[in-house]
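Positions are given from 1 along the sequence. A quick note: this is a predicted structure, and the numbers were derived from the prediction, not measured. Only heavy atoms go into these numbers, but all of them, side chains included; no hydrogens, no water, no symmetry mates.
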Amino acid sequence: MKIHTISGYIQHIYLADHDHGLLLLDGCSRADVETVSRFITDTLHRPLSDLKLIVVTHMHPDHAGGAVRLKALTGAPIAAHPKAKSWYAGLMGRAAHAIDLGLTWWVANRIGKQRESIWYNPVLCADILLEDNQNLPLFNEWKVLYSPGHTDHDISIMHEPTRQAYVADLLVKVKGELVPPYPLCHPNQYRKSLQRIAQSSIETIFCAHVAPVQLVDIPFDHVIENAPTLPKNHWHSAKNRINRKLFGKTAQH
C-alpha cells in the first residue's frame with residue numbers, strides 16, 4: 001500500500017494505492033474533482049474505474065464537496081458516518097453550509113487561489129455507513145475511528161498494518177503550532193478524540209491541512225490543555241459578539 005499526496009484547492013488530498021484498487025481518504029472539494037481524476041489517469045496511468053471507495057470524513061466543503069461528482073465519474077461508492085447526512089439539515093443547517101462555503105473561499109484567497117465553483121449538495125446520501133471500529137469494505141486493512149469534536153460526525157481512518165492514519169481536521173497548524181480546528185462544535189468530545197489518538201498504536205498522522213507528522217512529535221497534552229472548553233463555531237461567535245455589544249460579557253452556553 002502506498003499513500004499518494006495530491007495538492008488540493010485548500011487542503012492535502014490523500015489517495016491510498018492498493019493492488020486491487022484506489023481508496024480516496026476524503027471527498028475533497030468540488031474544485032478538486034478534475035485534479036483527482038487527472039492524477040489517476042495521467043500520473044498513475046490507471047482508469048477512473050480503479051477508484052473503488054470514497055470516504056467522507058465530515059461534511060465541510062473541502063472534505064465532502066467532490067464526493068458525488070467523483071462517484072459519477074468512477075462508480076466508486078461513498079462511505080460516511082451516519083450523522084453526516086443531517087449535519088446541514090434544516091434552515092440553520094443551510095445557513096451554516098453557506099457560511100462554510102464562504103470560509104472555503106476566504107481560505108483560498110489567503111493562499112492565493114482564485115475563486116472556484118465549490119457548491120455541492122449539503123445532504124449526503126452515502127452508499128455505506130461507517131461505525132466506530134469498523135473495517136472499510138473492500139479495504140479491510142483500514143479501520144474507522146470515530147473522532148468527533150470538529151463536528152458531531154468526524155471519522156479518522158487507520159491503516160492497521162503500517163500504523164498510519166488520516167485524521168482530517170483533528171489538528172491544524174497556526175503560526176507553526178498544532179492547534180484545534182475551527183469550528184470546534186463539541187469541545188469535550190474533541191478532547192476524548194485527541195486522547196484516543198494519542199493512546200493508539202498509530203505512528204504517522206496525515207492531516208488535511210498539516211504535513212504528515214509522527215505521533216510522538218505531537219504535543220497532545222499541550223493541545224488538550226489549551227483547547228477551548230466552550231464551542232467555537234459561527235453561532236457561538238455571533239452570540240458572543242452580540243452579548244459583548246449589549247451586555248459586555250461572553251455567552252456561556
Side-chain angles (χ1 to χ4, degrees), residues 1-18 21-29 32 35-36 39-40 44 51-67 70 76-81 83-84 124 126 128-151 153-173 178-181 190 192-218 220 223:
M1 189 278 301
K2 179 179 181 181
I3 297 178
H4 302 287
T5 304
I6 306 170
S7 179
Y9 185 47
I10 66 166
Q11 82 292 350
H12 304 303
I13 303 167
Y14 298 103
L15 186 68
D17 191 337
H18 291 259
L22 301 170
L23 164 66
L24 189 62
L25 300 185
D26 221 344
C28 59
S29 77
D32 296 315
T35 300
V36 172
F39 186 86
I40 294 172
L44 299 183
L51 182 61
K52 300 300 184 184
L53 185 65
I54 301 164
V55 174
V56 170
T57 61
H58 62 288
M59 284 299 297
H60 287 154
D62 51 331
H63 299 267
L70 283 168
I78 298 170
H81 191 272
K83 292 182 180 180
L124 178 70
I128 300 166
L129 299 180
L130 300 175
E131 300 286 354
D132 189 30
N133 292 318
Q134 175 182 338
N135 291 96
L136 293 182
L138 304 177
F139 298 91
N140 291 328
E141 295 175 351
W142 290 87
K143 182 179 180 179
V144 176
L145 304 175
Y146 181 47
S147 49
H150 183 42
T151 71
H153 60 279
D154 282 69
I155 56 172
S156 302
I157 45 177
M158 174 186 178
H159 187 249
E160 295 184 282
T162 61
R163 299 185 180 182
Q164 300 178 90
Y166 173 63
V167 301
D169 286 351
L170 192 67
L171 290 165
V172 299
K173 186 170 280 189
L178 291 171
V179 297
Y190 177 74
K192 291 179 181 178
S193 295
L194 277 182
Q195 289 168 346
R196 180 181 188 183
I197 297 297
Q199 295 165 4
S200 72
S201 61
I202 295 168
E203 294 179 356
T204 305
I205 295 289
F206 293 84
C207 302
H209 303 281
V210 181
V213 60
Q214 297 301 301
L215 191 82
V216 295
D217 294 329
I218 299 174
F220 282 103
V223 178

May I have the step-by-step check of side-chain contact (heavy atoms from CB on, under 4.5 Å) for Ile13 and Asp26, ending in yes or no?
CA-CA 7 Å; Ile13 303 167; Asp26 221 344; over 6 Å; no

Walk me through it: do Gln164 and His159 pass the test side-chain hydrogen bond (donor to acceptor under 3.5 Å, both in side chains)?
CA-CA 5 Å; Gln164 300 178 90; His159 187 249; 4.8 Å; no

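A donor-acceptor pair is defined here as one N or O able to donate and one able to accept, closer than 3.5 Å; such a pair exists between the side chain of His81 and the backbone of Lys83. Distance alone, capped at 3.5 Å, places no donor-acceptor pair between the Tyr14 side chain and the Ala208 backbone. Between the Ser147 side chain and the Ser193 main chain, no donor and acceptor come within less than 3.5 Å of each other. When atom types are taken as modelled, the side chain of His12 and the backbone of Pro212 share no donor-acceptor pair closer than 3.5 angstrom. Remark: side-chain polar atoms of Gln134 are paired, donor with acceptor, to backbone N or O of Glu131 under 3.5 angstrom. Looking only at distances, a side-chain donor or acceptor of Asp32 sits under 3.5 Å from a matching main-chain atom of Tyr9.
Across every non-hydrogen atom of Trp142 and Ala16, the tightest pair is CZ2-CB, 3.7 Å. The minimum heavy-atom distance linking Leu24 with Leu51 is given by the pair N-CD1, 3.8 Å. Closest non-hydrogen pair, Thr57 versus Tyr166, comes out as CG2-CE2, 3.6 Å. Scanning both residues, Pro137 and Leu130, for their nearest heavy atoms gives CD-CD2, 4.4 Å. Met59 approaches Ala84 most closely through the heavy-atom pair CG-O, 3.3 Å. When all heavy atoms are compared, the tightest approach of Gln11 to Ser29 is NE2-N, 4.0 Å.
Atoms CG and NE2, on Leu170 and His209 in that order, are 12.0 Å from each other to the nearest 0.5 Å. Atom CG in Leu171 sits 11.5 Å away from atom NE2 in His150 (nearest 0.5 Å). Residue Glu160 holds its CD atom at 9.0 Å from CD of Glu141, rounded to the nearest 0.5 Å. A distance of 5.0 Å separates CD1 in Ile128 from CG in Leu53, rounded to the nearest 0.5 Å. Rounding to the nearest 0.5 Å places CG of Leu178 at 7.0 Å from SG of Cys207. Taken from CD in Glu203 to OG1 in Thr162, the straight-line distance is 8.5 Å, to the nearest 0.5 Å.
For NZ of Lys52, the number of neighbouring non-hydrogen atoms (other residues, nucleotides, ligands) closer than 6.0 Å is greater than 12.
You'll find the side chain of Thr204 reaches within 4.5 Å of the side chain of Gln214, heavy atoms only. Looking only at side-chain heavy atoms (C-beta outward), Val172 and Val179 come within less than 4.5 Å of each other. Residues Leu145 and Ile202 meet the side-chain proximity criterion, which asks for heavy atoms closer than 4.5 Å. Inter-residue side-chain proximity for Leu44 and His4 is flagged as met; some heavy-atom pair is nearer than 4.5 Å. Tyr146 places none of its side-chain heavy atoms less than 4.5 Å from the side chain of Asn133. Side-chain atoms of Ile218 and Ile197, non-hydrogen and from C-beta on, never get closer than 4.5 Å to each other.
At a cut-off of 3.5 Å, with distance as the only test, no side-chain donor of Asp169 or His60 sits close to an acceptor on the other residue.
For the side chain to side chain contact (heavy atoms under 4.5 Å, CB included) criterion with Leu15, the lone passing option out of Leu25, Leu23, Ile3, Leu22 is Leu22.
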